[in-house]
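The structure under discussion appears below in the form of structure tokens.
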Amino acid sequence: MSSEGVEHGPAIASGEIVSKKAQVYSVRIPGESGFAWKWRSADGRKQSPGAFVYFFDCVQDAKKSGYVVDMVPVHGSTAPGNIDGQGAI
């Protein structure tokens with residue numbers, strides 16, 4: 001929810017829902033061994049003004065800009081929650 005208490009959701013045009021989609025991606029932090037998060041619109045026309053330390057903050061910024069971020073489960077050896085390094089949880 002934004003600071004005004006109104007959540008930015010899909011727009012409605014001609015009776016059908018139109019969602020502006022955004023993609024969240026990680027970027028390396030120069031001079032450090034970590035990474036940060038950024039978002040960009042699916043059409044590539046808009047992007048986050050900067051990088052975010054936390055994924056949640058990045059998603060919230062995209063929402064404040066009127067975009068919807070699809071949340072999909074991740075799989076593989078680097079997925080959060082992976083215990084054995086082989087992609088099995």
Side-chain angles (χ1 to χ4, degrees):
M1 306 242 336
S2 70
S3 59
E4 298 84 32
V6 178
E7 184 167 330
H8 296 276
I12 298 176
S14 305
E16 71 181 63
I17 295 175
V18 178
S19 295
K20 296 190 302 181
K21 303 238 182 210
Q23 303 160 339
V24 174
Y25 60 99
S26 62
V27 293
R28 288 186 157 266
I29 299 173
E32 295 185 29
S33 61
F35 64 93
W37 300 99
K38 288 187 169 190
W39 65 267
R40 65 176 161 247
S41 61
D43 63 8
R45 293 182 181 182
K46 186 162 180 168
Q47 63 183 13
S48 56
F52 298 88
V53 173
Y54 300 108
F55 180 84
F56 179 82
D57 292 339
C58 186
V59 170
Q60 291 303 312
D61 187 68
K63 284 183 176 182
K64 285 179 187 175
S65 296
Y67 289 87
V68 175
V69 176
D70 284 334
M71 305 298 251
V72 296
V74 293
H75 303 282
S77 62
T78 60
N82 183 4
I83 296 169
D84 66 3
Q86 302 301 313
I89 296 176

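By convention here, the first residue in the shown sequence is residue 1.
Counting all heavy atoms, side chain and backbone alike, P49 lies closest to D61 at CD-OD2, 3.5 Å. Nearest heavy atom pair, residue I29 against residue A36, reads CG1-N, 4.0 Å.
Under the 4.5 Å side-chain heavy-atom criterion for Ile, Leu, Val, Met, Phe, Trp and Tyr, V59 and F35 are members of the same hydrophobic cluster.
Remark: side-chain polar atoms of S65 are not paired, donor with acceptor, to backbone N or O of Y67 under 3.5 angstrom.
A salt bridge (Lys or Arg N to Asp or Glu O under 4.0 Å) check over residues 33-44, counting only residues at least two apart or in different chains, returns the pairs D43-R45. For the ring pair (Phe, Tyr, Trp, His ring centres under 6.0 Å) condition, the pairs that include at least one residue of residues 43-65, sequence neighbours left out, are W37-F55.
Take K46 and apply the salt bridge (Lys or Arg N to Asp or Glu O under 4.0 Å) test, not counting sequence neighbours, and it matches no residue.
To the nearest 0.5 Å, atoms OG (S48) and CH2 (W39) are separated by 6.5 Å.
You'll find the side chain of K21 reaches within 4.5 Å of the side chain of D70, heavy atoms only.
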